[in-house]
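Whatever order the structure lists ligands and atoms in, that order sets their numbers, starting from 1.
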Amino acid sequence: MKILVIHGPNLNLLGKREKSIYGTLTLSQINKEIEKVALSQKVKVDFYQSNHEGEIVTKIQEADDLYHGILINPAAFTHTSVAVRDAIASIQIPVVEVHLSNIHARESFRKESYVSPVAAGVIFGFGKESYLLGLRGLISILSSRKGKK
Ligand code: DQA
């Protein structure tokens with residue numbers, strides 16, 4: 001089983017960025033934790049981070065033929081991007097949306113996600129655990145769908 005993890009804009013700054021909200025772990029530390037869970041579940045994970053909407057759209061499109069599922073933190077594009085939403089709606093593989101912070105407990109513009117209606121599941125508010133829970137959820141969806149694609 002192969003899963004692509006996509007990190008959206010500004011997540012390359014984790015560890016220095018708004019630490020009181022996002023914590024002190026860097027993106028590569030979070031990726032290592034994801035990798036550990038993936039290994040324990042015998043799943044292969046690749047990582048991709050971009051600050052550019054179009055690059056993320058292209059990556060989502062390409063993933064349809066290369067991966068069994070996507071774990072994505074669309075970051076700010078969550079609340080703005082019809083293009084990311086449409087890319088997810090256009091592919092066959094399941095996509096799980098995650099956020100480090102509780103997006104419902106912050107500014108009101110963060111309460112709306114363009115992605116959630118087309119995601120297989122959504123996890124937010126648990127810091128790095130959001131990614132790990134999201135990964136486990138995605139693996140569980142894929143295991144129950146095995147051979148059905
Ligand atoms: C975020 C929440 C978004 O609202 C914000 O724009 C981010 C990070 C999170 O992981 O909590 O960049 O996706």
Engineer: Does NZ in K19 sit with more than 12 non-hydrogen atoms of other residues, nucleotides or ligands closer than 6.0 Å?
Structural biologist: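 No - once you tally the heavy atoms of other residues, nucleotides and ligands closer than 6.0 Å, there are 12 at most.
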
Engineer: Using a strict threshold of under 4.0 Å (side-chain N to carboxylate O), is an ion pair present between E35 and K32?
Structural biologist: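 Answer for the salt bridge query: no.
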
Engineer: Compute whether any side-chain donor of one residue and acceptor of the other, for S90 and Q61, lie under 3.5 angstrom apart.
Structural biologist: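 The answer is no; no qualifying pair exists.
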
Engineer: Between ligand 1 and the protein, give all atom pairs where both partners are nitrogen or oxygen and the distance is under 3.5 Å, as lines of names plus distance to 0.1 Å.
Structural biologist:
unit_1   : atom_1 : unit_2 : atom_2 : d
ligand 1 : 4 (O)  : H79    : NE2    : 2.6
ligand 1 : 4 (O)  : R110   : NH1    : 2.8
ligand 1 : 6 (O)  : A76    : N      : 3.2
ligand 1 : 6 (O)  : R110   : NH1    : 3.1
ligand 1 : 10 (O) : N73    : ND2    : 2.9
ligand 1 : 10 (O) : L100   : N      : 2.8
ligand 1 : 11 (O) : L100   : N      : 3.3
ligand 1 : 11 (O) : S101   : N      : 2.8
ligand 1 : 11 (O) : S101   : OG     : 2.6
ligand 1 : 12 (O) : R17    : NH1    : 3.1
ligand 1 : 12 (O) : R17    : NH2    : 2.9
ligand 1 : 13 (O) : N73    : OD1    : 2.8
ligand 1 : 13 (O) : H99    : ND1    : 2.8

Engineer: Which residue in the set L135, L142, I141 passes side chain to side chain contact (heavy atoms under 4.5 Å, CB included) when paired with I139?
Structural biologist: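 Single pass found, and it is L135.
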
Engineer: Give a yes or no on whether the backbone of G8 and the side-chain of Q49 come within a donor-acceptor separation of less than 3.5 Å.
Structural biologist: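 Between the backbone of G8 and the side chain of Q49 there is a qualifying donor-acceptor contact (under 3.5 Å).
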
Engineer: May I ask you to check whether H99 and Y131 place their ring centers less than 6.0 Å from one another?
Structural biologist: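 Not close enough - the centres of the two rings lie 6.0 Å or further apart.
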
